[in-house]
J.: 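Below are the structure tokens for one structure; questions will follow.
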Amino acid sequence: MPYVEVNEIVKADRRAAYAMARDMESYPKYMESVVSVKVIERDGSTTITDWAAKIKGAVLKWREKDEFDDENCRIHYRQIGGDLKKFEGDWIFETVGEGETKITLTVDFEIGIPMFAAMLNPIASIVVKQNSQAMLKAIKEHLEGSSKKPPMC
């Protein structure tokens, strides 16, 4: 099963960066690959969200369970239905300097076509890594380029 991990240093407070990532419904406004994110259910520190994202010309759709750890500024997500067999990971926010945060995004996934896994997994890993890096870059640009601060968590 492929695993991807990417990170980005942003010039923003850890809680501000976390708050922006927590607002998943806003992703389509500034992330080119995200078509839509809709919150289906909210229950305390958990949401169920429906996603649609453009990946190399195709639109992937899935439903995920998002678990928010506001105290530690972490988000764990796990697909509970959709186009892939497995899709889960974490958003991790760490203070690395005065006013700087390291955002790490991990993705553990499985396409679900065993006979093609050896051929597809390396390509899929590259695409998922590129998409994950683009998501982090979009958050960085949005945080650093915006004079309006997102709400604190």
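Residue numbers count from 1 along this sequence.
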J.: Kindly compute the distance separating OH (Tyr30) from NZ (Lys137), expressed to the nearest 0.5 Å.
T.: 14.5 Å

J.: Distance check, rounded to the nearest 0.5 Å: Glu67 atom CD versus Arg78 atom CZ?
T.: 6.5 Å

J.: Report the distance from atom NZ of Lys65 to atom CD of Glu41, rounding to the nearest 0.5 Å.
T.: 9.0 Å

J.: Going by the angle between their ring planes, with limits at 30° and 60°, are Phe68 and Tyr18 parallel, tilted or perpendicular?
T.: perpendicular

J.: Answer with yes or no whether the hydrophobic clustering places Val35 together with Trp51; edges join I, L, V, M, F, W, Y residues whose side-chain heavy atoms lie under 4.5 Å apart.
T.: no

J.: Nearest 0.5 Å, what's the NE2-OG distance between His76 and Ser45?
T.: 12.5 Å

J.: Could you tell me whether the side chain of Trp91 reaches within less than 4.5 Å of the side chain of Leu136, counting heavy atoms only?
T.: yes

J.: Same hydrophobic cluster for Ile40 and Ile80, using side-chain heavy-atom links shorter than 4.5 Å among ILVMFWY?
T.: yes

J.: Considering only heavy atoms from C-beta outward, does the side chain of Ile139 approach that of Glu8 to under 4.5 Å?
T.: no

J.: When the side chains of residues 93-108 are checked against the rest of the protein, which donor-acceptor pairs come out under 3.5 Å, sequence neighbours left out?
T.:
residue	atom	partner	partner atom	Å
Thr101	OG1	Ala12	O	2.7
Thr101	OG1	Arg14	N	2.9
Thr106	OG1	Asp90	N	2.9
Asp108	OD2	Lys86	NZ	3.0

J.: Rounded to the nearest 0.5 Å, what's the gap from OG1 on Thr47 to CE on Met24? Could you check?
T.: 6.0 Å

J.: Out of the candidates Phe109, Tyr77, Phe87, only one should pair with Trp62 under the ring-ring contact (aromatic ring centres under 6.0 Å, His included) rule; please name it.
T.: Phe87

J.: A quick test of your reading: do over 12 heavy atoms of other residues, nucleotides or ligands sit less than 6.0 Å from CD of Glu25?
T.: yes

J.: I need the Thr49 OG1 to Gln79 CD distance, nearest 0.5 Å.
T.: 10.5 Å

J.: Would a hydrophobic clustering, with Ile, Leu, Val, Met, Phe, Trp and Tyr connected at side-chain separations under 4.5 Å, put Ile92 with Met135?
T.: no

J.: Which atoms form the tightest heavy-atom contact between Pro28 and Ser36, and what is the distance?
T.: CG-CA, 3.8 Å

J.: Examine Val128 and Leu84 and state if one hydrophobic cluster contains both, with Ile, Leu, Val, Met, Phe, Trp and Tyr joined whenever side-chain heavy atoms are less than 4.5 Å apart.
T.: yes

J.: Report yes or no: do Ile48 and Tyr27 belong to one cluster of Ile/Leu/Val/Met/Phe/Trp/Tyr joined by side chain heavy-atom distances under 4.5 Å?
T.: no

J.: On a heavy-atom basis, which atom in Lys140 and which in Ile9 lie closest, and how many Å separate them?
T.: NZ-O, 2.7 Å

